[in-house]
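A quick write-up on the structure given underneath.
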Amino acid sequence: MLPGTVPLTSRPRAPSDDGFLFDLYASTRAGELATWGWTPAQREAFLRMQWLARGRDWAVRHPTAEDRVVLVAGQPAGRLLVARGAREWRLVELALLPSHQGAGLGTRLLRELLDAATEARVPVRLHVLHDSPARGLYARLGFQEEPSSQPPDAGPPYVAMQWSPAPRAG
C-alpha cells in the first residue's frame, strides 16, 4: 500500500494509552540504551523514570497541548503532541513505532500540521536531536535551524528549528 493510501487517523490520548505510549517512548531510546550494557531490568527502570519525568515536564510547560494517538488502519502507531498558541505552535513530539517509520506517514502528519498552521498564520517550532534522521525530514519540509548561542563544536543534543508560513500575496 502506498503511504498516501494507508488509513491514517488520530484520536485524543486516553489514560488507557499509557502502556502503548511507554512502549513507543522505549522504542525511541532502544538503540541508545543497547550500547549501555544494562540488564533489561535496569533499562526498564531507567526508561520508566525518564518517561514519567518527561510527561510531568511537558504537562507543566505545555498544559493545553493537544495530545493525540496516531492510528494506522485503526491501530496505535504513534503520537502527535502539539501546543497551539496564538503566536506560534510547538511540535512537542511526533513519534512513530519503528515498523511505521520510513513509509511517508510522518511526512503526511507534518504536512497536515503545516497546512493548519498556514491557515492559522502561525510558525511551528520544534527541537530535534542533533543526529536524528527526522532532522532531514524537517529541513525538506521547510524548517530552518534557529541560530544557536553555543559554538558549533559544543554538540548540544537538540537543534531548534522553525517553519513559517509563506507571506500572504496581496
Side-chain angles (χ1 to χ4, degrees), residues 1-4 6 8-11 13-14 16-62 65-83 90-114 124-146 148 150-163:
M1 197 175 280
L2 297 172
V6 172
L8 182 64
T9 58
S10 69
R11 61 168 171 72
R13 174 189 180 169
S16 61
D17 292 317
D18 283 353
F20 164 73
L21 292 172
F22 173 75
D23 290 344
L24 176 64
Y25 172 70
S27 77
T28 70
R29 306 283 308 264
E32 172 190 10
L33 267 63
T35 65
W36 293 1
W38 286 357
T39 67
Q42 289 171 316
R43 285 194 302 268
E44 172 85 11
F46 174 79
L47 287 168
R48 290 257 173 227
M49 178 186 66
Q50 291 289 301
W51 185 69
L52 291 169
R54 184 181 77 155
R56 284 190 297 269
D57 177 56
W58 286 352
V60 168
R61 289 194 301 143
H62 309 290
E66 181 182 7
D67 195 355
R68 301 193 64 83
V69 173
V70 175
L71 307 170
V72 173
Q75 297 301 308
R79 180 185 198 185
L80 181 64
L81 182 63
V82 180
R90 172 81 50 173
L91 177 57
V92 181
E93 182 174 51
L94 171 57
L96 294 168
L97 290 171
S99 60
H100 294 289
Q101 294 173 4
L105 301 177
T107 300
R108 279 177 57 191
L109 291 164
L110 284 166
R111 286 187 195 278
E112 289 173 9
L113 178 67
L114 298 179
V124 177
R125 299 184 71 202
L126 59 84
H127 286 91
V128 62
L129 282 169
H130 193 272
D131 61 352
S132 172
R135 187 173 169 192
L137 168 61
Y138 297 136
R140 284 191 301 279
L141 291 176
F143 282 84
Q144 301 290 318
E145 291 186 20
E146 294 183 26
S148 173
Q150 292 186 307
D153 60 342
Y158 291 95
V159 174
M161 300 182 84
Q162 178 174 313
W163 173 92

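Each residue takes its place number in the sequence, starting with 1.
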Taking atom [atom1] of [X] and atom [atom2] of [Y], what is their separation to the nearest 0.5 Å?
X	Y	atom1	atom2	result
Leu33	Gln50	CG	CD	9.0 Å
Leu110	Arg108	CG	CZ	12.0 Å
Leu105	Leu109	CG	CG	7.0 Å
Tyr138	Leu91	OH	CG	5.0 Å
Asp18	Leu24	CG	CG	12.0 Å
Arg140	Thr107	CZ	OG1	6.5 Å

Output, in order, the C-alpha distance, side-chain angles, deciding distance and verdict of side chain to side chain contact (heavy atoms under 4.5 Å, CB included) for Gln144 and Gln162. CA-CA 5 Å; Gln144 301 290 318; Gln162 178 174 313; 5.8 Å; no
Is any side-chain heavy atom of Glu44 closer than 4.5 Å to one of Phe22?
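With C-beta onward as the side chain, the pair touches.
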**Report entry** Note, Leu114 side chain near Phe143 side chain (heavy atom, < 4.5 Å)
**Finding:**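 Of all side-chain heavy-atom pairs linking Phe143 with Leu114, at least one is under 4.5 Å.
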Practice problem: May I have the step-by-step check of side chain to side chain contact (heavy atoms under 4.5 Å, CB included) for Leu81 and Arg90, ending in yes or no? | Solution: CA-CA 9 Å; Leu81 182 63; Arg90 172 81 50 173; over 6 Å; no
If I compare all heavy atoms of [X] with all of [Y], which pair ends up nearest, and what's the gap?
X	Y	answer
Thr28	Ala95	CG2-CB, 4.4 Å
Ala134	Val128	CB-CG2, 4.3 Å
Gly106	Leu96	N-CD1, 3.7 Å
Val69	Pro76	CG1-CB, 4.0 Å

(message) Looking at Arg11, I'd like to know if its CZ atom is crowded, meaning that more than 12 non-hydrogen atoms belonging to other residues, nucleotides or ligands lie closer than 6.0 Å.
(response)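 It does: Arg11 CZ has more than 12 such atoms within range.
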Item to check | Arg54 and Glu93: CA distance, side-chain angles, deciding distance, side chain to side chain contact (heavy atoms under 4.5 Å, CB included) verdict | outcome: CA-CA 11 Å; Arg54 184 181 77 155; Glu93 182 174 51; 3.0 Å; yes
| task | Check Glu146, Arg135, His127 against Met161 for a side-chain contact (heavy atoms from CB on, under 4.5 Å) and give me the one that passes. | result |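 When Glu146, Arg135, His127 are each tested with Met161, the side-chain contact (heavy atoms from CB on, under 4.5 Å) holds only for Arg135.
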Under the criterion ring pair (Phe, Tyr, Trp, His ring centres under 6.0 Å), which of Trp51, Tyr25, Trp36 is the partner of Phe46?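 When Trp51, Tyr25, Trp36 are each tested with Phe46, the ring pair (Phe, Tyr, Trp, His ring centres under 6.0 Å) holds only for Trp36.
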Take Trp163 and Leu141 through the side chain to side chain contact (heavy atoms under 4.5 Å, CB included) test and state the conclusion after the steps.
-> CA-CA 8 Å; Trp163 173 92; Leu141 291 176; 5.7 Å; no
Q: Give a yes or no answer on whether the side chain of Arg68 reaches the backbone of Ser10 with a donor-acceptor pair at less than 3.5 Å.
A: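 Side chain of Arg68 to backbone of Ser10, a donor-acceptor pair under 3.5 Å: yes, one is there.
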Problem set entry | Arg79: which of Asp17, Asp23, Asp67 passes salt bridge (Lys or Arg N to Asp or Glu O under 4.0 Å) |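 Only one option passes, and that is Asp67.
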